[in-house]
Protein chains: 2
Amino acid sequence: MSELTLRAKQLDAADELAPLRSRFALDDVVYLDGNSLGALPAHVPDRLADVVRREWGELRIRSWTESGWWTAPERIGDRIAPLVGAAPGQVVVGDSTSVNVFKALVGAVRLAGDDRTEILVDATTFPTDGYIAESAARLTGRTLRALTPEEVPGALGPRTAAVLLNHVDYRTGRLHDLPSLTAAIHAAGALAVWDLCHSAGALPVGLDEHGVDLAVGCTYKYLNGGPGSPAFLYVRRELQPRFDSPLPGWNSHADPFGMSPDYAPAPGAVRGRVGTPDILSMLALEAALDVWEGVGIDAVRAKSLALTDFFLECVSAYTEPGRVEPVTPAEHGRRGSQVSLRCADAGEVMKRLIEEGVVGDFRQPDVLRFGFTPLYTTFADAERAARTLAALLG
Amino acid sequence: MSELTLRAKQLDAADELAPLRSRFALDDVVYLDGNSLGALPAHVPDRLADVVRREWGELRIRSWTESGWWTAPERIGDRIAPLVGAAPGQVVVGDSTSVNVFKALVGAVRLAGDDRTEILVDATTFPTDGYIAESAARLTGRTLRALTPEEVPGALGPRTAAVLLNHVDYRTGRLHDLPSLTAAIHAAGALAVWDLCHSAGALPVGLDEHGVDLAVGCTYKYLNGGPGSPAFLYVRRELQPRFDSPLPGWNSHADPFGMSPDYAPAPGAVRGRVGTPDILSMLALEAALDVWEGVGIDAVRAKSLALTDFFLECVSAYTEPGRVEPVTPAEHGRRGSQVSLRCADAGEVMKRLIEEGVVGDFRQPDVLRFGFTPLYTTFADAERAARTLAALLG
């Protein structure tokens, strides 16, 4: 046994989160794509079968009240809230991330007022945020400027309405400095909108602590909610009474069953709802959140850093110098929960890695991505992934 | 056995669609709320269990390609298309009805051009359509005028951009004249946007035949897709190249995995997609559509009219004159697939009806709604519902 396989064994033996792996349906594959689609929590199939057979099949329409379907968006939002550092009543689940970016950004622009005419957006963002920001700017008559997160402080001014940033870059795995960027945005009198897709469930976010205004995030990555499970929207409590959604569907009405032709928004997080929630996906997500029982996000973060450190160490030890180049920052304060490696022929390399039972993914043009989900990824996984990669690269 | 129970028996015996009832999980309850939440198709639980356990649990990320997840929105759209009279490639599934109303209405206004400054909306519509129309008008700088469908022809003019109408009124069950209203809208040079929530799967719509421009609809009523299953959007083929979505998420990009910072819309129905589709809800819907195998929408319509005729006849025969008043038009050409009865104490009456095993629903202020889903509702159901109602009313 090599020194690193032995180290992996010791690290796994000492890992307090190790027992959580049994809460998931996993096999011999080294699954390092939980930053794209989280693994299946083992108890979700039985719960969803009950939702389908009994709640839909037997109770039918009665389940909207008797099975708590109607209040699921805000109830599940409150389950996610502690993982992103939010007190209850500020997070609501529903719609896709893209749709929530639209609500958040148009809402932010309206909160900022008419004399603030510019939106800033992270130019390195996952593309959908940029596309939606462009639409939000066009529909609200604002201009849009794309720039790197580093350039944001220098670009802020009295005309800045809102800034849309990613907490962790989807491609490089770089963690941006949410507290200081939010403070800079506030100092300019603008609103900070954060996309937490690659940080929710992976590391502490501290939405309330840092005074973030609005945030959106995805639930099918580190929150393991299932393919395309509904996204979430956070609106800071003090802003809620003035939050003016561009998608004021009947679910956000103060009295939805009053069926009034006049719109009157509900108070609280419910104001971020739109139409009828997709119950099957939503209740699968609710069940998936049970795996967090007794788990603190700080412990998750500590293991995430240990895993990515160890993976980088193994890659460095096993791989010929120059064959891959880490893109993810070495500094802990700038690293999310994934490791991206630049590599020639990355597409072909990932294809072969997957054939060898190590699942990461490929991002154009030359990036191998490996996501580390501390709830179920082991140090042995990290070592095996690095060893398999090195063997492939020859 | 009374004359009407005998008639019900004979009608059920002669009903060619009667065997379809066995495709659903039903019990002794008379379920007349399929216009709110369709009953569970019997094979859906097993299919969804496979999606969860094997496609998500075992194949994980590979299912986006290997299990056909990525193309589900347009594939399922093409399954719905024949039921609403659309050729393939014009319907896409995803998001809620409210979100699709927003896409359709903003898209229609943009197609109409800048010199058309007014949107007309059905004042009797399900409220969400009115709320969203108000938001669409506000964001596109148009005015919004609410009026009854009868008033639409007289209100059309050179400034009309688009008209949003309901095919069947959710409260009264009244069917509006889609062909003639669409023709009048087109004669004024405006675009017709139809909400098919209460007609898709209940009666022939003829979207292509009547030249409808855009349409939206729900899949959890007469299409039995499950609670909150994703809605659909129809964009007429000739308009697709100019359809300019206000929600241009990455799923609507011509090359979504190219991850380009510049937006370039996909051709065809895919342009109506937004973010990552909620796969669990979507594949439950896909399975649910199997119940339509070998079923024509004309036969469904014929049975729907026979059922509602028979129910009205039974109500009239069993109930003291004046206790209830049908709100739904008697004329076939103006009737959807539900019967609404005005009734004193309607809320309390419906509560007691449900206790007696007859499930309809109550709409403010005084309406009892009974939905008839020809795929599984029997004439015996109609007779028993009327008899139970009459007994309750004393």
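Proteins come first, then strands; the chains are lettered A, B, ... in the order of their sequence lines, and each starts at number 1.
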With only heavy atoms counted, which part of B:Ala284 is less than 4.5 Å from chain A, the side chain, the backbone, both or neither?
-> side chain

How long is the span from the CG atom in A:Asp244 to the CZ atom in B:Arg138, to the nearest 0.5 Å?
-> 4.0 Å

Okay, A:Ile61 and chain B: the region with an atom under 4.5 Å from a heavy atom over there is both

Atom CH2 of B:Trp56 and atom CG of A:Asn224: how far apart are they, to the nearest 0.5 Å?
-> 7.0 Å

Should we say atom CG of B:Asp114 is surrounded by more than 12 heavy atoms from elsewhere, each under 6.0 Å from it?
-> no

Carboxylate-amine/guanidinium contact B:Asp27 A:Arg60, below 4.0 Å | yes

Counting only heavy atoms closer than 4.5 Å, note whether B:Pro277 contacts chain A via side chain, backbone, both or neither.
-> backbone

Name the member of B:Pro246, B:Gly130, B:Ala231 that forms the most heavy-atom pairs with chain A at distances under 4.5 Å.
-> B:Pro246

Chain A heavy atoms under 4.5 Å from B:Val274: which part of the residue, side chain, backbone, both or neither?
-> both

Using non-hydrogen atoms and a 4.5 Å limit, figure out which bit of A:Arg273 sits close to chain B: side chain, backbone, both or neither.
-> neither

Check whether any side-chain heavy atom of B:Val99 sits under 4.5 Å from a side-chain heavy atom of A:Phe102, and report yes or no.
-> no

Top contributor to chain B contacts, counting heavy-atom pairs under 4.5 Å, from A:Pro45, A:Gly57, A:Ala25 = A:Pro45

Salt bridge between B:Asp361 and A:Arg62, side-chain N to carboxylate O under 4.0 Å?
-> no

Option that, when pairs with chain B are counted at under 4.5 Å, heavy atom only, ranks first among A:Ala39, A:Pro261, A:Ser229, A:Ala42 | A:Ala39

Between B:Arg363 and chain A, which part of the residue has a heavy atom less than 4.5 Å away: side chain, backbone, both or neither?
-> side chain

Would you mind checking which part of B:Leu48 comes under 4.5 Å of any heavy atom in chain A, side chain (CB onward), backbone (N, CA, C, O), both or neither?
-> side chain

Pick one of side chain, backbone, both or neither for A:Phe24, based on which atoms fall under 4.5 Å of a heavy atom in chain B.
-> neither

Spacing of CH2 belonging to B:Trp64 relative to CG belonging to A:Leu37, to within rounding of 0.5 Å | 7.5 Å

Region of A:Leu26 in contact with chain B, defined by heavy-atom distances below 4.5 Å | both

Heavy-atom distance under 4.5 Å to chain B: side chain of A:Pro248, backbone, both or neither?
-> both

So which of A:Asp278, A:Val106, A:Val44 has the largest heavy-atom pair count under 4.5 angstrom toward chain B?
-> A:Asp278

Please work out whether the ring planes of B:His253 and A:Tyr131 are parallel, tilted or perpendicular, with thresholds of 30° and 60°.
-> parallel

Scanning both residues in full, the closest heavy-atom pair of B:Phe257 with A:Gln364 reads O-CG, 3.6 Å

Among B:Trp69, B:Phe126, B:Trp250, single out the residue with the greatest number of heavy-atom pairs under 4.5 Å to chain A.
-> B:Trp250

Looking at A:Leu280, A:Val52, A:Asp262, A:Leu139, which one has more heavy-atom pairs under 4.5 Å with chain B than the rest?
-> A:Leu139

Qualifying side chain to side chain donor-acceptor pair (under 3.5 Å) pairs, either residue in residues 93-102 of chain B, two or more places apart | B:Asp95-B:Lys103, B:Ser98-B:Thr128, B:Asn100-B:Lys103

Of all of B:Ser281, B:Pro227, B:Ser135, which one pairs up most often with chain A through heavy atoms under 4.5 Å apart?
-> B:Pro227

